[in-house]
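In what follows, a single structure is set out as structure tokens and then discussed.
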Amino acid sequence: MEFFIIISSGLCLLIGSFLCVSGGIGIIRFPDFYTRMHAVGITDTLGAGLILIGLMLLSTDLLVFAKLVMILLLTLLIGPTTSHVLAKAALHNGLAPKLNQDALDHNSLDQTGNEETNSSNP
Amino acid sequence: MLIAATLAIFVAMFLAVIRGIAGPTLYDRILAVNMFGTKTVLLIALLGFVMGRPEFLDIAILYALINFISVIGVLRYSDTNEFKHTPAKQEPTKKEH
Amino acid sequence: MVTAVAIVRMKDLFAVVMLLGLYGLLSASFFVAMDAVDVAFTEAAVGAGISTLLMLVVITMTGRREKAKRHKPLLALFIVIITGGLLIYGTLDMPYFGSADAPNHNHVAPRYINDSMKEIGIPNIVTSVLASYRAFDTFGEVVVIFTAGIGVLALLSVTRRPEDDDDIASHNDSMHERHLVIRIVAKMLIPFILLFALYVQFHGDFGPGGGFQAGVIFAAAIILYAMLFGLSAARKAINQAFVQLIAAIGVLLYGCVGIVSMLNGGDFFDYNVLASDPVAGQHLGILLIEWGVGCTVAAVMIIIFFNFAGRREMQQHSGDKSTQNQESP
């Protein structure tokens, strides 16, 4: 039983750290701010969640377990909110996403980066 | 296993700092600092377990909250005219800024 | 060191503020690596959190680029090098950092470490040193913080006219739609942050924490509310006069503990005489002064932020009004 706990905690830590590193690689290699934010927002929250679950399985004390649960809930709440606020502020202040030529022909972006309503997307 | 996870978090933090220094726009830098902050929370929790001191978890909770408040502060006060993003290159289908 | 050089050389002040936040965070990590948990706690809260916020508010008022200097400050550089050299020469005489035969490791530290549990009875030695053995130093720190708050009040407080208040309040209400998600999330988080501040305040005897950190966390929650819901709503929730009163009461509480112990026959800040049992007296004394420290730090941080941001709001509001007057002849 204890062996099973150690194995599953190790697995969670491994997957979580792989996700965090891949988020780091993504922030370097992706071409545009919005794509980078997509990479960071998803991998940050999920990787942090998995690492914290891995640590929770290793914890011995009830207080430590409760604090880790609190950090997990905070991360799950704060991560997506931060991505949303960042994207909204960037779009509102004029940073336009880099679109390929197809999308540029169908849509047109006015100066604040908001799409006008005559797009062909459903 | 814990040490391997700690090293992986270090690598991720280092990559975030590279983007923070080199990011062409302001928002790239804010994103990099935010990612650095969440990785720091994880790092403190992991180091607490590695060094056998559960008190570090208080610092981790504190830092998660401070990171959130700082990013909200930055974005709230970047509404002024000074921070409007002016694109470096104009594409032909967009109107002039 | 790289971060410090980058901070001095960069001309874009916004990036400088980000780097300052990063620098505070790196210092906190060093303290964690050196196993100094309390200091890391305070550094993370103050250096990486509140300082970044306050400097941000300032640079939205002063502008984003640093003006180029008109002359080379060679004389200042020369004086700084001479002073730095003299200081380093002075430290050559001191024993190495952490060596075993330094005086503070032979006389002072063992006494604190050995006798703290017996005399004071709380597990956290940092709190016992800060609050009991060196209570007078901590009193000086609290008075310095209070003086800083008074300085900001004296220099930066602006009288507000009621019609300006209504203008700004309606502008803030119109922002509600834009910021809906973040407002709801913040409403969920702020009670939790306030509770966490109380936890840190009272848990300072047993884990890292204490008055300074708790005050900063409390102020951070109020600042979050003020940033998202507008200063006028925050002023209605937290009355300015009440906050100034709390700042003064914190310092007064701290001083009164000292005076009461003198009245009971002991020295200034001698907690042994505060209750019938010396250890219980120590506990009571530490509890009261940590409470005083927490009150003052929280209130002063709130005062500083409200004055900075109120100034900025006034500046923006008068800027908006003048452009409106120009557009409608």
Side-chain angles (χ1 to χ4, degrees), chain B residues 6 9-10 13 16-17 20-41 43-48 50-85, chain C residues 2-3 6 12 14-15 17-19 21-22 25-26 28-29 31-33 35 37-38 40-41 44-46 48-50 52-54 56-57 59-61 63-65 124 175 179 182 185-186 189 192-193 196 199-200 203 206-209 213 216-217 220-221 223-224 227-228 309 312 316 319:
Chain B
T6 315
I9 301 282
F10 264 125
M13 284 164 88
V17 169
I21 297 182
T25 71
L26 173 67
Y27 295 96
D28 285 315
R29 295 203 173 101
I30 300 179
L31 183 68
V33 169
N34 182 37
M35 182 182 171
F36 192 81
T38 40
K39 295 300 183 283
T40 305
V41 172
L43 187 73
I44 297 178
L46 280 169
L47 277 179
V50 164
M51 294 208 272
R53 284 179 152 272
E55 294 95 35
F56 281 12
L57 291 177
D58 287 336
I59 307 182
I61 298 181
L62 171 73
Y63 199 65
L65 296 169
I66 293 286
N67 188 27
F68 177 61
I69 296 181
S70 297
V71 171
I72 300 294
V74 166
L75 292 173
R76 172 74 177 75
Y77 283 112
S78 69
D79 264 353
T80 58
N81 276 334
E82 308 247 336
F83 291 92
K84 289 253 185 260
H85 174 79
Chain C
V2 173
T3 327
D12 183 7
F14 192 74
V17 169
M18 294 277 106
L19 282 178
L22 207 66
L25 192 48
L26 283 173
S29 329
F31 294 139
V32 166
D35 219 7
V37 183
D38 261 320
F41 212 160
V46 174
I50 296 282
T52 315
L53 278 177
L54 287 177
L56 263 174
V57 177
I59 65 172
T60 56
M61 290 203 287
R64 211 174 139 185
R65 297 244 135 216
N124 188 1
M175 275 200 324
H179 288 160
I182 186 67
V185 170
L189 275 180
F192 173 73
I193 302 180
F196 185 61
Y199 162 77
V200 166
H203 202 67
F206 301 96
Q213 296 92 324
V216 170
I217 299 173
I223 290 178
L224 182 65
M227 279 199 297
L228 288 177
R312 177 187 171 267
Q316 239 187 1

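A note on names: the letters A, B, ... follow the listed sequences, proteins ahead of strands, and every chain is numbered from 1.
Atom CD1 in B:I69 sits 4.0 Å away from atom CD1 in C:I193 (nearest 0.5 Å). C:F192 contributes atom CZ, which lies 6.0 Å from atom CG of B:L65 (distance to the nearest 0.5 angstrom).
If you measure heavy-atom distances from C:I50 to chain B, you find no contacts under 4.5 Å at all. The contact between C:F41 and chain B is made by backbone and side chain atoms together, counting heavy-atom distances below 4.5 Å.
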Please determine whether side-chain contact (heavy atoms from CB on, under 4.5 Å) holds for the pair B:D58 and C:V200, giving the CA-CA distance in whole Å, both sets of side-chain angles, and the decisive distance to 0.1 Å. CA-CA 8 Å; B:D58 287 336; C:V200 166; 5.9 Å; no
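In this structure, the side chain to side chain contact (heavy atoms under 4.5 Å, CB included) partners of B:I66, at least two apart in sequence or on a different chain, are B:L62, B:Y63, B:S70.
Heavy-atom pairs under 4.5 Å with chain C peak, among B:I61, B:L47, B:V33, at B:I61.
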